[in-house]
Number of protein chains: 2
Amino acid sequence: MTDTGGGGRRRSETTRTAILAAARERFAADGYERATIRAIAKDANIDPSMVMRYYGNKEGLFAAAVSVDLKLPDLSRLPRPEVGEALVLHFLHLWEENEVLTALLRVGVTNQAGAERMQGIFGEQLLPLARQVCPDPEQHPTRAALIATQLLGLALTRYVLRLPPAVALRAEEVVAWLAPTVQRYLTAPNP
Amino acid sequence: MTDTGGGGRRRSETTRTAILAAARERFAADGYERATIRAIAKDANIDPSMVMRYYGNKEGLFAAAVSVDLKLPDLSRLPRPEVGEALVLHFLHLWEENEVLTALLRVGVTNQAGAERMQGIFGEQLLPLARQVCPDPEQHPTRAALIATQLLGLALTRYVLRLPPAVALRAEEVVAWLAPTVQRYLTAPNP
DNA sequence: CCGGTTTGCCAACGCTTGTTGGCCAACGCT
DNA sequence: AGCGTTGGCCAACAAGCGTTGGCAAACCGG
C-alpha cells in the first residue's frame, strides 16, 4: 500500500480535504437535500465522480464531513457559580468558529441519520458535564437535555433561523442572559 | 363520505382541505424538500396535478398549509409571577395538538421562505406579549427573542430531534424547569 | 525508460421531481 | 334535453439528482 511518508505527499489528500471543506460549507448553508454533490464538487473544483470515489456515496460524505468534538471544558476546576457562564461562552465561540455545528443542526432536522448523530453528540458529550457538577446520577440526562434545550435554541434562532433580535444580541448580552439559566439547569435542586 | 351540508357545497372544498391536511402532515414529518407533491396527493387520494390546480405550485401549497395563530393568552390578566408558567404550558399544549408548528420549524430550518415566515410569526406574535409585561419598549424585541430561544429550543429537542431525555420529560417537569427561565426573560431587570 | 498505480474528467444511466396540457365524466342551470 | 362549467385523471415533459464505468494523463518505483 502507498505510504504518504517520504518524498512527496499524494495530491489526493489535497482534494480530499477540499471536498470536505466544500461539503461542510454546503451542508451548513443548504441542509442535506439541497446540498448537491454536484455543487460541492464544483466548489472544490473537481468532478462529482471524485466525490463518489473518495467517500462512496452522499451519506458517507456527510459522515466524513461532520465529525464534531464539542471540546467541553473541565468544569470541576471552576468555581461553582461560574460554570453556567463558562458553558454559554464556550458554546458561543464554538458555534461561531465552526460551521460544522450549523451543518449538523440543519441536517439533523430533516434527516434521520443526522438527528441520531446529534443525539449521540449531545447525549455523550453533555452528559459527563452534568456528571461533574450534579451529584444525583439519576438527574444527569434530564439536566443535560435541559441545557441542550437552551443552547440549541440559541443556535437555532441566532444562526439558523436568524431571527433579527437574536442575531443583534452581542455576545456579552447573550452570556448575561443565558448563563443563569444554564447555571440553574446544571446546579439547582430538582424543583 | 361526509356531507358538508347545506344545498350541496362544491366537492372541491372537500379535497382542498384534504390536500391541506395531507400537506401539513407531510411537511411536519419530512420537511420541505422530502415532502413531495406526489406523496401529498397520494395521501389525499387525488392526482398530483390537482394540487397544482388549487395551489399553483409547491410554495403556494406550503404557504396555504402553514398558517399559524399562536393564540397567545392575555398575560395582563394574570398575576405577574405566573406569566412564565402560563406561557410554557400554553406552548406545550399548542405544540402537541398542532403539527403545523413542527412543519414550520422543520421547513424554516432548510427553506428561506420558511425561515422568514417563522420570523414573522414569532416576531409579531411574541412581541406584543413582551409589551404587556415589560415597561421599556426598547427591550421588547430582545426579550421576545430570548423567550423564542428557550421555547423553540424545547420544541427542537423534544419534537424534532427527539432527544430521548427531552422526550421523556413529563409536561409538569418541563413547566417546572422552564417557567422560571421564561419568567426571568420576560420580567427580570436588564442584567 | 517502462509498466502499474493513482488522479481526474467525461458521458451517460436510471430515477424522481415539479409542472403542464389535454381529455373525460359529472354536475347544474335554463 | 342541451350546454357550459367544474372536478378529476392520465400521460408526458424538462430538469436535476445520485451514481457508474470507461478512458486519458500524470506520477513513480524499478
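Bear in mind that the values here come from a model prediction, so they are computed numbers and not experimental data. In what follows, chains are A, B, ... by sequence order, proteins preceding strands, each numbered from 1.
Checking C:dC29 for Watson-Crick or G-U wobble geometry (two distances, each under 3.5 Å) identifies D:dG2 as its partner.
Taking the six-membered ring for Trp and thresholds of 30 and 60 degrees, B:F27 and B:Y32 have nearly parallel ring planes, at less than 30 degrees apart.
Residues B:S49 and A:D47 both approach DNA chain D. Their nearest nucleotides, taken by heavy-atom distance, put B:S49 toward the 5′ side. Ranked by how close their nearest DNA chain C nucleotide is to the 5' end, B:R38 and A:Y54 are led by A:Y54.
The main-chain N or O of B:V109 is found under 3.5 Å from a side-chain atom of A:R106 such that the two form a donor-acceptor pair.
Atom CD of B:E33 and atom C1' of C:dT16 are 14 Å apart (whole Å). In this structure, CE of A:M50 is placed 17 Å from P of D:dG22, rounded to the nearest angstrom. Across the protein-nucleic acid pair, B:K42 atom NZ and C:dG18 atom P stand 14 Å apart, rounded to whole Å. At whole-Å resolution of the value, CG in A:N45 and P in C:dT7 are 18 Å apart. One can place CE of B:M52 at 17 Å from P of D:dG8, the figure rounded to the nearest angstrom. With rounding to whole Å, B:E59 atom CD is found 14 Å from C:dT19 atom C1'. Between the CZ atom of B:R34 and the P atom of D:dG16 there is a distance of 21 Å, given to the nearest Å. Between the CZ atom of B:R26 and the P atom of C:dG18 there is a distance of 12 Å, rounded to whole Å.
B:Y55 comes within 4.0 angstrom of no nucleic acid atom, judged by non-hydrogen atoms across all strands.
Put simply, the side chain of B:L178 reaches to within 4.5 Å of the side chain of A:Y185, judged on heavy atoms.
With distances taken from any side-chain atom of A:I46 to the nucleotides C:dT19, D:dC17, C:dC9, the minimum falls on C:dC9. Closest to the side chain of A:T36, out of D:dT19, C:dT20, D:dG18, is D:dG18. Nearest to the side chain of B:K58, among C:dG8, D:dT19, C:dG18, sits C:dG18.
In this structure, A:W95 is a member of the same hydrophobic cluster as B:L156, with clusters built from ILVMFWY side-chain heavy atoms closer than 4.5 Å.
Checked against A:D43 for a salt bridge (charged side-chain N to carboxylate O under 4.0 Å, His left out), the options A:R24, A:R38, A:R26 give a single hit: A:R26.
A donor-acceptor contact under 3.5 Å is formed by the side chain of B:R53 with the base of D:dG8.
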